[in-house]
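Structure first, then comments.
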Protein chains: 2
Amino acid sequence: MNTIVKKESGIEVSGNAGFVGEYLLYLLASASDVASAAFHAQVRARGLRVPEWRILACLIDTDGQMVTELAQLSLFEQSRLTKIVDQMAIKGLVKRRSDDRDRRRVRVHLTPEGRRLGEELVEAARRHERTIVEQMRPGEAALLKQALKRIHALCEGAAPAGATEPGEPTS
Amino acid sequence: MNTIVKKESGIEVSGNAGFVGEYLLYLLASASDVASAAFHAQVRARGLRVPEWRILACLIDTDGQMVTELAQLSLFEQSRLTKIVDQMAIKGLVKRRSDDRDRRRVRVHLTPEGRRLGEELVEAARRHERTIVEQMRPGEAALLKQALKRIHALCEGAAPAGATEPGEPTS
DNA sequence: CGGAAGAATATGAAATTGCATATTTCTCCC
DNA sequence: GGGAGAAATATGCAATTTCATATTCTTCCG
């Protein structure tokens, strides 16, 4: 089943021999990486960095999110998001507006410019996704997405293995 | 099917409304992130940084890889890998040895210490993976892995969208 | 052989990232 | 009303990461 390739040096460099080739977390990271590479090139070709694209996409979905929400959705740590938003504001892609109800909150809004670019890229992303999905078996992509969502649901709240429970002695 | 949650502000913050919640690349990145989080905590608890763990795991699979091979397998850019290996060498986890056949090449070997720690963590990784897989439907994890491998196979060589073919006029 | 071209790795400087903490605003309870 | 404490965001600095390029070695060909 496993294709073992011997190199001149006698070292196996098969695609799936050994541990990592069957390790779920590796397969996830690796698929994510390689699948994104081509599209990320398109993003950069339009003068955006990848993190900026991620923010745009999230804002296209729902504009005016608060920094914390946006950070969670876009998978960035809060202080990092703040800095990305800084840059995007300078580029004129987004605008900060403080929430009237709660002035601690800062809501991030797309500018017309940001929305245009965002929508353009979302279309490109859809096309790119389609080229991948079309190459898979019928229904395989849907199953994949479903499984990925389940992973997400299972893991999101999971205690960081070995974490002490509240009230548990730490000494 | 989609659970739409309205917040005080009237903004949807559902888990899957809109574009990103159904976007393959997002689901991949997001599942990868959240699934790894708990295990990464275990890694750090043993005094390792995550990149170092990734290298250890790759070397456990096949010791003595050259820097370039290792970089590709571990999903790090070459110059970055060099620096991670520097640190690991200082910590006494790996040792560089230059290849006799081709003295440009540097092969990275585990020290006994590195192997011990690596094997320990591979076991922990297996246990962690098991806890995830067990929570999924029977067979779902296997399908997921297969789909991830297919993604990888489909995308690995893919021309970075808009790239010029060799021999194509660039002007 | 000699030297040009290419490969493999390392290095330096600039940019990004993460972590701890400061700052501002809100909530709650007395 | 007036703190104490929590929440939301920003900031500063150290560490990591990237990008371009230097260095070392090998291969190929005249």
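Only a predicted model underlies this, so the values are computations on that prediction, with no experimental measurement involved. Each chain gets a letter, A, B and so on, in the order its sequence line appears, and its residues count up from 1.
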Return yes if some donor-acceptor pair links the side-chain N/O of Asp63(A) with the main-chain N/O of Leu110(A) below 3.5 Å, else return no. yes
In whole angstrom, give the distance that lies between atom CE of Met66(A) and atom C1' of dA8(D). 6 Å
Proximity to the side chain of Arg104(B) - top-ranked nucleotide from dA10(C), dG6(C), dT9(D): dG6(C)
With hydrophobic residues grouped by side-chain heavy-atom distances under 4.5 Å, do Phe19(A) and Ile60(B) end up in a single group? yes
Under 3.5 Å donor-acceptor pairs involving side-chain atoms of residues 29-36 of chain A, not counting sequence neighbours:
residue  : atom : partner   : partner atom : Å
Ser30(A) : OG   : His152(B) : NE2          : 3.1
Ser36(A) : OG   : Ser32(A)  : O            : 2.7

Atom CG of Asp100(B) and atom C1' of dT24(D) are separated, to the nearest Å, by 16 Å
Scan residues 76-84 of chain A against DNA chain C and write down, sorted by residue number, each residue with any heavy atom closer than 4.0 Å; if none is found, say none. Glu77(A), Ser79(A), Arg80(A), Lys83(A)
Given salt bridge (charged side-chain N to carboxylate O under 4.0 Å, His left out), test Lys149(B) with Glu22(A) step by step and report yes or no. CA-CA 9 Å; Lys149(B) 287 181 195 169; Glu22(A) 290 294 329; 2.6 Å; yes
Using only atom types and a distance under 3.5 Å, with no angle test, would you say the side chain of Lys95(A) pairs donor to acceptor with the backbone of Ala89(A)? no
Between C1' of dT25(C) and CG of Asp99(A), the distance in whole Å: 12 Å
Gln87(B) atom CD is separated from dT17(D) atom C1', nearest whole Å, by 12 Å
Contacting residues from residues 52-60 of chain B, given that a heavy atom lies under 4.0 angstrom of DNA chain D: none
Whole angstrom is fine here: how far is it from CD in Glu69(A) over to P in dA7(D)? 16 Å
Hey, quick one: are Leu143(B) and Tyr26(A) part of the same hydrophobic cluster, counting side-chain heavy atoms closer than 4.5 Å, chains of contacts allowed? no
Give the rounded distance in Å between these two atoms: CZ of Arg44(A) and P of dT16(C). 13 Å
Ignoring hydrogens and geometry, is there a side-chain-to-backbone donor-acceptor pair from Asp61(A) to Val20(B) under 3.5 Å? yes
Rounded to whole Å, please give me the gap between CG in Asp102(A) and P in dT23(C). 20 Å
Salt bridge present between Arg49(A) and Glu52(A) (N-O < 4.0 angstrom): yes
Residue mapping more 5' on DNA chain C - nearest nucleotide basis, Arg103(A) or Pro51(A): Pro51(A)
Pair Arg126(B) + Glu123(B), salt bridge at N-O below 4.0 Å: yes
Nearest-angstrom distance from the residue atom CZ of Arg49(A) to C1' of dA15(C): 9 Å
